[in-house]
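The block underneath contains the structure these notes are about, expressed in structure tokens.
Both backbone and side-chain heavy atoms feed into the values below; hydrogens, waters and symmetry mates do not. Proteins get letters first, then strands, A, B, ... in listed order; numbering begins at 1 in each. Treat the numbers as computed from the prediction; the structure is a model and nothing was measured.
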There are 2 protein chains.
Amino acid sequence: MNLEWLQSYIVIVEEKSITKAAERLNISQPALSKQLKGLESEYNILLLNRTTKGIEVTKAGFHLYNQAKSLIQQSNLIKLELQEMNESHKMTIGCLPSIATSYLPNFNLKNHCVFIQNYSKALIHSLENNQVNISLIDNYFYDGSLVKKDLFSEKYVALIPKKYNLGQLNELSWKIIEEYPLILHSSPCDTYSKIKSHAYNNTINLNITKYVPFGDFLYGYVLSGEGMTIVPQLISQNLRHLDIDLIPVEDLELTISAVAKTNKILNSFLDLIQDEVIK
Amino acid sequence: MNLEWLQSYIVIVEEKSITKAAERLNISQPALSKQLKGLESEYNILLLNRTTKGIEVTKAGFHLYNQAKSLIQQSNLIKLELQEMNESHKMTIGCLPSIATSYLPNFNLKNHCVFIQNYSKALIHSLENNQVNISLIDNYFYDGSLVKKDLFSEKYVALIPKKYNLGQLNELSWKIIEEYPLILHSSPCDTYSKIKSHAYNNTINLNITKYVPFGDFLYGYVLSGEGMTIVPQLISQNLRHLDIDLIPVEDLELTISAVAKTNKILNSFLDLIQDEVIK
DNA sequence: AAGCTTTACGCGATACGTAACAATA
DNA sequence: TATTGTTACGTATCGCGTAAAGCTT
């Protein structure tokens, strides 16, 4: 039995589609289909009824889904516990891509693992599933069930084609943003959720012209002048060389917090980034 | 993660030897060594200290051993539960090799799985581990913690080289057995345990000249005249064509019992062999 | 035709077994 | 020298991705 197959199966059930699950898992759809077949022949029972518009979970399939989640969680816990027994006290840190590339490199974490996910809710989920010891999330998505310590706050920055001639502004108001085409990552995505929510709460009428999936080159669309986009400041730091204007956005902040299951784990992470700041 | 590797790891720890574990698992010793290396690199921690006279479990290794047992058990349980959800109510039946070849073929069990192990204690263990729903064991090894139903009893039969000229006897007394060389399977083995125990309790001095591992051709040694051996009557039925004498042994009986965790499972097995007797 | 899954097939990685090697008592 | 574990290497199987082919709506 292969635990990766069970993990894949869980994703299939949650996405209600083999195709979508394959995308999320970054494997081809036929490969995933065969994993599923493998599970069904392993257990000698039909798990999912395939329809032309996705899949339908059978009774046995639902049972396996629940049991598999528990099994995977237990397996992840074993791994984490063994890591903790390692003399290096290695931790697995879950974080957003931007944190991994722009913030974590400030610290010496070579004895630890970094686990990247695209949005905060997934990071909290990974913590609950014992896939990671600690997660660095956008405080906005914190739900109170874990211990937390805020690390830093920052503004969002708009990436704007030069041709819009907004480069001289110190801050971009939502009034102006309303007037230009806006390109966002497609959901689920922290920035997407926060912008949508902010617009809704302040009756701002956004002119969203394009949704770009993760991994696509969002900035390319901005460079080509198709519209502006909004990203956390941390990300914009690496984009200074691009021929676009970077302007902070009014009234929209981001606080990155470390969350964990216990204060002990949280503190050992805080010690880590306290002690090991490079400069 | 591969659950088979964890299962192998459990066997290594229990056998305290990679070589012995490889024999029990029927894979080559280097292959098992590599599985172990795979686990250690998966968890990035040393599990076993290798010495020239076996292995020595580290702290982390002991922790993994306990956790792995629980994980494997949970995984087996999932499999059994899914089997039960199958419309055929497929069961997995654990039994001794002799039962699988001589008794079970009397019933139509094609919708069920048969899981063969070499001795009753292992079968009870598999039941506790959820590897099987029901086990057919030698009643002698029943420890009272499971529900049980006796199925049949039989005598043991000695396989004797013709040259000993004992073919005319109706029953072989232990007095006579003492006088001849005896060949047994090496421990662990039900027959071995029972004969040793019977000899000890009745102050019989056996002249055991050879131990043959499972899988070796015990009967070959008898045919060549090196000594006699003793097997359950069920096994001896398939040996009538051999040029040896088959004589029942005095004072030694065997009762095969079905054991299960619950009466429900036990009864569904009993129904099965009630209904489906071929003749 | 569009959207989903399955089948076919070639390729690379993985895992096995055999054989040779190393280490220790 | 016997016992135990490791390394090396050839081979077979497994699992992936690409491409093409069913199925329903």
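Between B:Glu42 atom CD and C:dA15 atom P the separation is 11 Å, expressed in whole Å. A:Leu32 places its CG atom 9 Å from the P atom of C:dT5, with the value rounded to the nearest Å. If you measure from atom CG of B:Leu48 to atom P of D:dT6, you get 9 Å, rounded to the nearest angstrom. Between the CG atom of B:Leu46 and the C1' atom of D:dG5 there is a distance of 14 Å, rounded to whole Å. B:Lys16 has its NZ atom 18 Å from the C1' atom of D:dG5, to the nearest Å. For B:Asn49 and D:dT4, the CG to C1' distance is 15 Å, given to the nearest whole Å. D:dG17 atom P lies 14 Å from atom CD1 of A:Ile18, rounded to whole Å. Rounded to an integer number of Å, the gap from B:Ile27 CD1 to C:dA15 P is 12 Å.
The phosphate of D:dC16 (OP1 or OP2) has a side-chain N or O of A:Gln35 nearer than 4.0 angstrom. The phosphate of C:dC4 has neither OP1 nor OP2 within less than 4.0 Å of any side-chain N or O from A:Thr51. At least one side-chain nitrogen or oxygen of A:Ser33 sits closer than 4.0 Å to the OP1 or OP2 atom of C:dT6. Phosphate proximity of D:dT4 to B:Arg50: absent, as no side-chain N or O sits under 4.0 Å from OP1 or OP2. The shortest distance between the side-chain N/O atoms of A:Ser28 and the OP1/OP2 oxygens of D:dT18 is not below 4.0 Å.
The residue A:Lys34 sits close to a base: some heavy atom pair falls under 4.0 Å. Counting any heavy atom pair closer than 4.0 Å across all strands shown, A:Gln29 reaches a base atom. Within the nucleic acid shown, B:Gly54 comes within 4.0 Å of sugar-phosphate atoms alone, with no base atom in reach, counting heavy atoms only.
Looking at residues 4-15 of chain A, you'll see A:Trp5 sit with a heavy atom under 4.0 Å from some atom of DNA chain D.
The closest side-chain heavy-atom distance from B:Asn49 to B:Thr58 is below 4.5 Å. Side chains of A:Val231 and A:Thr191 form no contact here, defined as non-hydrogen atoms less than 4.5 Å apart. Side-chain atoms of B:Ile93 and B:Leu136, non-hydrogen and from C-beta on, do get closer than 4.5 Å to each other. The shortest distance between side-chain heavy atoms of B:His198 and B:Tyr200 does not fall below 4.5 Å.
A salt bridge links A:Glu14 with A:Arg24: the distance from a Lys NZ or Arg NE/NH1/NH2 to an Asp or Glu carboxylate oxygen falls below 4.0 Å. In this structure, B:Lys59 does not pair ionically with A:Glu84, as no charged nitrogen and carboxylate oxygen lie closer than 4.0 Å.
Closest to the A:Pro30 side chain, of the nucleotides C:dT7, D:dT6, C:dC16, is C:dT7.
Atom NZ of B:Lys261 is surrounded by more than 12 heavy atoms from other residues, nucleotides or ligands within 6.0 Å.
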